Amino acid sequence: MIKTYTLYAFLLLLLHSSSDSYAQSLGKNYGDHSMVTDVTGKLYTWGYNYDGQLGLGTSGVNTHTRIPLLVGGALADKTVISVSGGYMYSMALTSTGVLYAWGRNSHGQLGTGNVINYTTSVPVPVKTSGVLLNKTIIQVSAGPLHCLALDAQGKVYAWGDGDSGQLGDGLNQDTNEPVSVQGLLNSKVVTQIAAGDGFSMALDSDGKVYTWGYGPNGCLGNGSNSSQGTPVAVSTAGVLNNKTITRIAAGSSHAVVVDTDGKVYTWGLNNFGQLGNETYTTSNVPVNVAERIGVMQGKTITKISANGNTTLVLTSDNLLFSWGSNTVGQLGYGSNFYANLNTPVLVQRNVALSGKTISHLGAGLDHFLVMDTDGMLYSWGRNTYGQLGDSSVTNRYDPVAVYQNILGPLPVELTTFSAAVSGKNVVLNWGTATEISNYGFDIERSSDKSSWSKIGFVPGNGNSNSTKQYSYTDNPGSANGKIYYRLKQLDTDGKYEYSKILEVNLGTPAEFALNQNYPNPFNPSTTISFSVPVGGYVSLAIFNLLGEKIAEPINKALDAGNYTVDFDASGLSSGLYFYTLKAGEYTAVKKMVLTK
């Protein structure tokens, strides 16, 4: 039995039942509700629901739930690839680059163009007839009352509460539909966005950080306490001199960044010690986080996250450190004896995290979530409405396992299944993310998709929490034209499920074709297939958002035929990528989404 999930925290909680469910990635939100997507892109929510932020068609004090429920409506036939939540509202990004929103709309933060100060308990599309017309959104970040979006060309948009300039359009007023962020970012290619409480952050392709919005708390990091209605550059005169930033995160009123050397820097409000520099003094320029002997000295930071007034980091040697507010156990070190700490402390490695390798971080307003390499989730902090996902409403001062219940999984959920013609043979390749009680796979072939014959068997791996790859080579003899293949996955208890059907053309293709990669979205590998009706030089190349070629799996002369290429993106970051096929005068481009 195989099941994978894409999770978003704050929350993003994943569902737990001994080891049947697995997460893929975590996100950052503001709120006391939780969200999870399964491998098919279906969205589930639970927790606080006063303004319908669960998206279930209900709202009010008696509609909160600790039981994961499927979000339907406009998302019923959509593939959700990313989620972010604000205060009493939620945002979902689909694989087609379209955003949906639901919950409270007190400042227009849903971005639907409808009147401000209303609520909706079902997903509705963010308005696309204005500045988002023909735009493909690849990232979304929700602040408490305003929202940011990033498109495939590296441009930023905003909507919702704007009275402090956090929308970046220079108008300092609320808007109920997306507007373009102006000023310095017009000439930049933005790669990451982060929304705080009344301020916004962006990271460009040169590793520089820009901020705008509310300034009196110093969270703009530009050496001034003045609010800014358009982006300003974060100061590089001090600790960020000659530094290239790779990651950004926003708390309520503080900012966190990491450079290429794995060093972490902070700025903004520091009343709870959330800057981690051994003071409680607010700073309007970046400062070094303290590296005390025996704690974080010499550590390389690989991941960062920030909730309301607390910061969490992951090091290259698999240690978690936190600092800042600890009123409800957000630091995760086993106690709330200290209400706040202004220097890093080691997160408790109790029974829940013992022996676990952490891969992703997530955050809520007053709690944190982490995911291990097996896709299991752990959480700590405030749990008033069950947002920790451990089936209780008890605040937790050290990590607990998230209750990952089964959402009706199939015996096997394939991550890839593809076919390629090689001479007189057909090579079938497929992969799984995790396996529970997997006996193996019958390989079946048909000439008409009606009558099927078993042609082989490949044993499964039983129980496995890691990616497995399989292959089978078939010689269909004198068959010509189209033939069809499918897999019959067998559980050890006799249950089975069929895969999708693959069509293979054994003859010469009639025209050029570049097919959509499968799966899409993907993590970390996907399959690209194409057809060339005549022999000649062929190039299949992969490009990032900057137009830079990052891989070229095919760059040679090929005979006429059908081809399949497996692309591994393990070394790449999440986002939108493009792949192009060039053969003679034929050129085709398609996009694919990597989600980690």
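No hydrogens, no waters, no symmetry mates; every other heavy atom, side chains included, goes into these values. Only a predicted model underlies this, so the values are computations on that prediction, with no experimental measurement involved.
In summary, the side chains of Asp566 and Thr527 do present a donor paired with an acceptor at a separation below 3.5 Å, with no hydrogens or angles considered. A side-chain N or O of Asn562 and one of Ser531 form a donor-acceptor pair less than 3.5 Å apart. For the 3.5 Å distance criterion, the side chains of Ser379 and His367 fail to qualify, holding no donor opposite an acceptor. Between Gln489 and Asn438, the side chains place a donor N or O and an acceptor N or O closer than 3.5 Å (distance only, hydrogens not considered).
Without hydrogens or angle criteria, Trp102 side chain to Gln53 main chain gives a donor-acceptor distance under 3.5 Å. A distance-only check finds no donor-acceptor pair linking the side chain of Asn555 to the backbone of Ser539 [under 3.5 Å]. Although no hydrogens or angles enter the test, the distance criterion places no donor-acceptor pair under 3.5 Å between the side chain of Asn307 and the main chain of Phe368. Looking only at distances, a side-chain donor or acceptor of Tyr472 sits under 3.5 Å from a matching main-chain atom of Ile455. Looking at Ser84, its side chain does come within 3.5 Å of a backbone N or O of Ala142 through a donor-acceptor pair. Side-chain N or O atoms of Lys78 include one that pairs as donor or acceptor with a backbone N or O of Ala74 at under 3.5 Å. Listed for the Gln139 side chain is no donor-acceptor partner under 3.5 Å among the backbone atoms of Ser82. Without hydrogens or angle criteria, Thr564 side chain to Ala419 main chain gives a donor-acceptor distance under 3.5 Å. Side-chain atoms of Arg349 come within 3.5 Å of backbone N or O of Lys356 as a donor-acceptor pair. A side-chain donor-acceptor contact under 3.5 Å links Asn49 to the backbone of Thr58.
For the atom pair CG of Asn523 and OG of Ser570, the computed distance is 8.0 Å after rounding to the nearest 0.5 Å. In this structure, the separation between CG on Leu150 and CD1 on Ile138 is 4.5 Å, given to the nearest 0.5 Å. Distance check, rounded to the nearest 0.5 Å: NZ of Lys590 to OG1 of Thr580 gives 12.5 Å. Between atom CG of residue Asp398 and atom CD of residue Gln348 there is a gap of 5.5 Å, rounded to the nearest 0.5 Å. Atom OG1 of Thr302 and atom CZ of Arg247 lie 7.0 Å apart (nearest 0.5 Å). For the atom pair CZ of Arg486 and OG of Ser446, the computed distance is 8.0 Å after rounding to the nearest 0.5 Å.
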* Check the pair Asp390 / Asn383 against side chain to side chain donor-acceptor pair (under 3.5 Å), numbers first and verdict last. => CA-CA 9 Å; Asp390 68 339; Asn383 198 28; 3.1 Å; yes
* **Working for side chain to side chain donor-acceptor pair (under 3.5 Å), residues Asp474 and Tyr485** => CA-CA 10 Å; Asp474 177 41; Tyr485 293 91; 2.5 Å; yes
* To do: Mind running side-chain contact (heavy atoms from CB on, under 4.5 Å) on Tyr577 and Lys591 for me, showing each step along the way?
  => CA-CA 6 Å; Tyr577 294 85; Lys591 60 188 177 183; over 6 Å; no
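For Thr300, there are no side-chain hydrogen bond (donor to acceptor under 3.5 Å, both in side chains) partners two or more places apart in sequence or in a different chain. Residues satisfying the ring-ring contact (aromatic ring centres under 6.0 Å, His included) criterion with Phe578, sequence neighbours excluded, are absent altogether. Annotation: side chain to side chain contact (heavy atoms under 4.5 Å, CB included) contacts of Ser447 (sequence neighbours excluded): none. Partners of Tyr563 by ring-ring contact (aromatic ring centres under 6.0 Å, His included), not counting sequence neighbours, listed by chain and number: Phe530. Taking Phe512 as the reference, Tyr586 meet the ring-ring contact (aromatic ring centres under 6.0 Å, His included) condition, with sequence neighbours excluded. Partners of Ser95 according to the side chain to side chain contact (heavy atoms under 4.5 Å, CB included) rule, which considers only residues two or more places apart in sequence or in another chain, are Thr79, Ile81, Pro521.
For Asn475 against Asn425, the heavy-atom pair with the smallest separation is CB-OD1, 3.4 Å. Of all the heavy atoms in Ala306 and Ala249, the pair that sits closest is N-CB, 4.4 Å. Contact detail for Ser471 and Val427: the closest heavy-atom pair is OG-CG1, 3.8 Å. Scanning both residues, Ala588 and Leu514, for their nearest heavy atoms gives O-CD2, 3.6 Å. Between Asn517 and Tyr579, the shortest heavy-atom distance links the atoms N-OH, 2.8 Å. Across Pro524 and Leu594, no two heavy atoms sit closer than the pair CA-CD1, 4.3 Å.
Under 4.0 Å is where a charged nitrogen must lie from a carboxylate oxygen, and between Glu444 and Lys454 no such pair does.
Between Phe441 and Phe417, the gap from one ring centroid to the other reaches at least 6.0 Å.
In this structure, Trp430 and Tyr470 have parallel ring planes: the angle between them is below the 30° cut-off, well short of the 60° mark.
Counting non-hydrogen atoms of neighbouring residues, nucleotides and ligands closer than 6.0 angstrom, the NZ atom of Lys488 exceeds 12 such neighbours.
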